[in-house]
Amino acid sequence: QVQLIESEGELVQAGGSLRLSCVASGRTFSTYTMGWFRQASGKEREFVAAITYSGTSTRYADSVKGRFTISRDNAKNTVYLQMNSLKPEDTAVYYCAARRPPIVVTDNSRYDYWGQGTQVTVSS
């Protein structure tokens, strides 16, 4: 069992930056593939980024590629999402998620554990 706790979201201006973090409980964090997803009001949850357990492989949604960076610190049981050049369309509740198989996937149904979500609002 893994519990995931995201950092507090913020209200930021367009063009600004924000780093989200997600801390996992347990001693097996380093074996999990981690992902970030988001859900805007009235829309379905969508994939943002994911990273393998070792951190050597990452994957991004086209909408955030070049602006967002996912990383992890296994010693701290933490995964990060650095978000730069934020746009109003990035406004959403952001969730971190974990899955045991060591393969990065974008389908949210294939993730086993989820955080409670944190609101990120980007003002124009």
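The basis for the numbers below is simple: all heavy atoms, side chains too, and nothing from hydrogens, waters or symmetry mates.
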Q. Who passes salt bridge (Lys or Arg N to Asp or Glu O under 4.0 Å) against R59, sequence neighbours left out?
A. none
Q | Contacts of D107 that satisfy salt bridge (Lys or Arg N to Asp or Glu O under 4.0 Å) - sequence neighbours left out | A | none
(Q) If hydrophobic clusters are built from ILVMFWY residues whose side chains come within less than 4.5 Å, do M83 and V64 share one? (A) yes
(Q) Count I, L, V, M, F, W, Y as connected when their side-chain heavy atoms are under 4.5 Å apart, and connections chain through other members. Are V12 and F68 then in the same cluster? (A) yes
(Q) For a side chain to side chain contact (heavy atoms under 4.5 Å, CB included) check, start with the C-alpha distance between V79 and S71, then their side-chain angles and the critical distance, and finish with the verdict. (A) CA-CA 6 Å; V79 62; S71 62; over 6 Å; no
Can you list everything that forms a side chain to side chain donor-acceptor pair (under 3.5 Å) with [X]? Sequence neighbours excluded, please.
{"X": "E89", "value": "none"}
{"X": "K43", "value": "none"}
{"X": "S85", "value": "none"}
{"X": "S54", "value": "T56"}

Do any N or O atoms from the side chain of [X] and from the backbone of [Y] form a donor-acceptor pair under 3.5 angstrom?
{"X": "S30", "Y": "T28", "value": "no"}
{"X": "T52", "Y": "S57", "value": "yes"}
{"X": "Y60", "Y": "I70", "value": "yes"}

Quick one: side chains of residues 15-24, donor-acceptor pairs under 3.5 Å with protein atoms, not counting sequence neighbours, listed by atom name and distance.
unit_1 : atom_1 : unit_2 : atom_2 : d
S17    : OG     : N84    : OD1    : 2.9

Q: Return the set of residues passing side chain to side chain contact (heavy atoms under 4.5 Å, CB included) with I5 (not counting sequence neighbours), or none when no residue passes.
A: Q116
**Q.** For Y111, all residues meeting ring pair (Phe, Tyr, Trp, His ring centres under 6.0 Å), sequence neighbours excluded
**A.** F37
Q | ring pair (Phe, Tyr, Trp, His ring centres under 6.0 Å) partners for Y80, two or more places apart | A | none
Q. Minimum heavy-atom separation for A49 to L81, with atom names?
A. CB-CD1, 4.2 Å
Q) For residues 4-17, which residue pairs qualify under salt bridge (charged side-chain N to carboxylate O under 4.0 Å, His left out), counting only residues two or more places apart or in two chains? A) none
Q) CD/Q13 to OG/S124 distance, rounded to the nearest 0.5 angstrom? A) 9.5 Å
Q | CE-OG1 distance between M34 and T58, expressed to the nearest 0.5 angstrom | A | 14.5 Å
Q | More than 12 heavy atoms from other groups under 6.0 Å of CD on Q3 | A | no
Only pairs under 3.5 Å count here: list side-chain donor-acceptor contacts from residues 92-105, not counting sequence neighbours, and write none if there are none.
unit_1 : atom_1 : unit_2 : atom_2 : d
Y94    : OH     : R38    : NH1    : 3.0
Y94    : OH     : D90    : O      : 2.6
R99    : NE     : R110   : O      : 2.9
R99    : NH1    : P101   : O      : 3.4
R99    : NH1    : I103   : O      : 2.5

Q: Start with the C-alpha distance between V2 and F29, add both sets of side-chain angles, then the distance that settles side chain to side chain contact (heavy atoms under 4.5 Å, CB included), and finish with yes or no.
A: CA-CA 8 Å; V2 175; F29 173 78; 5.9 Å; no
Q. Does R72 reach the side chain of N77, with side-chain heavy atoms less than 4.5 Å apart?
A. no
